[in-house]
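Everything on this sheet refers to the single structure shown next.
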Amino acid sequence: MTGSGILHSSDTRNEIEEGFVFAPKFNADGLLPAIATDAETGAVLMLAWMNAEALKRTVETGEAWYWSRSRQDLWHKGATSGQIQHVQELRIDCDQDTVWLKVRVDGDGGCCHTGRTSCFYRIIVNGPEGPVLRRTGRHHLDGESPSR
């Protein structure tokens, strides 16, 4: 894993996009967006950030680790809540600047600090005076009817 996100000069676009070299491209802050979805349902659970150490620990342990931007510290998801995310599959996108974790969640299956299954529990709709938010059900997963 390229910890700095700087690719070797020999790396070509084709090698990055089509090859088998794992060379994640971290942003200027040394971070990579990480999207977690439920491995069984496909529902989007959360978006978090990983630095090189979080990505390394995730690969090595099979459990999700993230970088907390607010605490400026590594974060083992579920270590205190019991909602450990067991990685069933880890993917990287075409230009290697975003990772996708398909996870199985321990505990009550929650993911969001608000107690919901998913952090994406509000829908943006166009109201008479512009965009407004509507909540979905407390444990809404994709495919369920949103509550009003």
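By convention here, the first residue in the shown sequence is residue 1.
Under the 4.5 Å side-chain heavy-atom criterion for Ile, Leu, Val, Met, Phe, Trp and Tyr, Val87 and Leu32 are members of the same hydrophobic cluster.
For the pair Val105/Asp38, no side-chain contact is recorded, criterion being any heavy-atom separation below 4.5 Å from C-beta on. Thr136 has its side chain within reach of Tyr121: a pair of non-hydrogen atoms, C-beta onward, lies under 4.5 Å apart. The side-chain heavy atoms of Trp100 and Leu90, taken from C-beta on, include no pair separated by under 4.5 Å. By the 4.5 Å heavy-atom criterion applied to side chains, Met50 and Trp67 are not counted as neighbours. No side-chain heavy atom of Val103 sits less than 4.5 Å from a side-chain heavy atom of Thr37. Using a 4.5 Å cut-off on side-chain heavy atoms (C-beta onward), Cys111 and Gln85 make contact. Under the 4.5 Å side-chain criterion, counting only non-hydrogen atoms from C-beta, Gln96 is in contact with Phe22. At a threshold of 4.5 Å between non-hydrogen side-chain atoms, the residues Pro33 and Leu47 count as touching.
Aromatic ring pairs are classed by plane angle as parallel below 30°, tilted from 30° to 60° and perpendicular above 60°; the pair Trp75 and Tyr66 is tilted.
The hydrophobic cluster containing Ile124, built from Ile/Leu/Val/Met/Phe/Trp/Tyr side-chain heavy atoms closer than 4.5 Å, also comprises Leu133.
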### Query
Does the side chain to side chain donor-acceptor pair (under 3.5 Å) test come out yes or no for Thr114 and Arg116, once each step is laid out?
CA-CA 6 Å; Thr114 66; Arg116 291 172 175 86; 3.1 Å; yes
### Task
Check the pair Asn51 / Asp29 against side chain to side chain contact (heavy atoms under 4.5 Å, CB included), numbers first and verdict last.
CA-CA 9 Å; Asn51 65 2; Asp29 295 323; over 6 Å; no
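Residue pairs meeting the salt bridge (Lys or Arg N to Asp or Glu O under 4.0 Å) criterion with at least one member in residues 67-88: none, sequence neighbours excluded. Among residue pairs with one or both ends in residues 82-91, those qualifying as salt bridge (Lys or Arg N to Asp or Glu O under 4.0 Å) are Glu89-Arg91, Glu89-Lys102; sequence neighbours excluded.
Test Leu45, Leu101, Thr98 against Ile35 for side chain to side chain contact (heavy atoms under 4.5 Å, CB included) and you get one pass: Thr98.
With hydrogens and angles disregarded, a donor-acceptor distance shorter than 3.5 Å links the side chain of Gln88 to the backbone of His86. For Thr117 (side chain) and Gly110 (main-chain N/O), no donor-acceptor pair under 3.5 Å exists by modelled atom type. Panel note: side chain Asp93, backbone Asp97; a donor-acceptor pair is recorded below 3.5 Å.
Annotation: the span from Phe26 atom CZ to Leu31 atom CG amounts to 8.5 Å, rounded to 0.5 Å.
Environment of CD in Glu40: sparse, with no more than 12 heavy atoms of neighbouring residues, nucleotides or ligands closer than 6.0 Å.
Closest of all the heavy-atom pairs between Pro131 and Asn126 is N-OD1, 4.0 Å.
Side-chain N/O atoms of Asp108 and Gln83 include a donor and acceptor closer than 3.5 Å.
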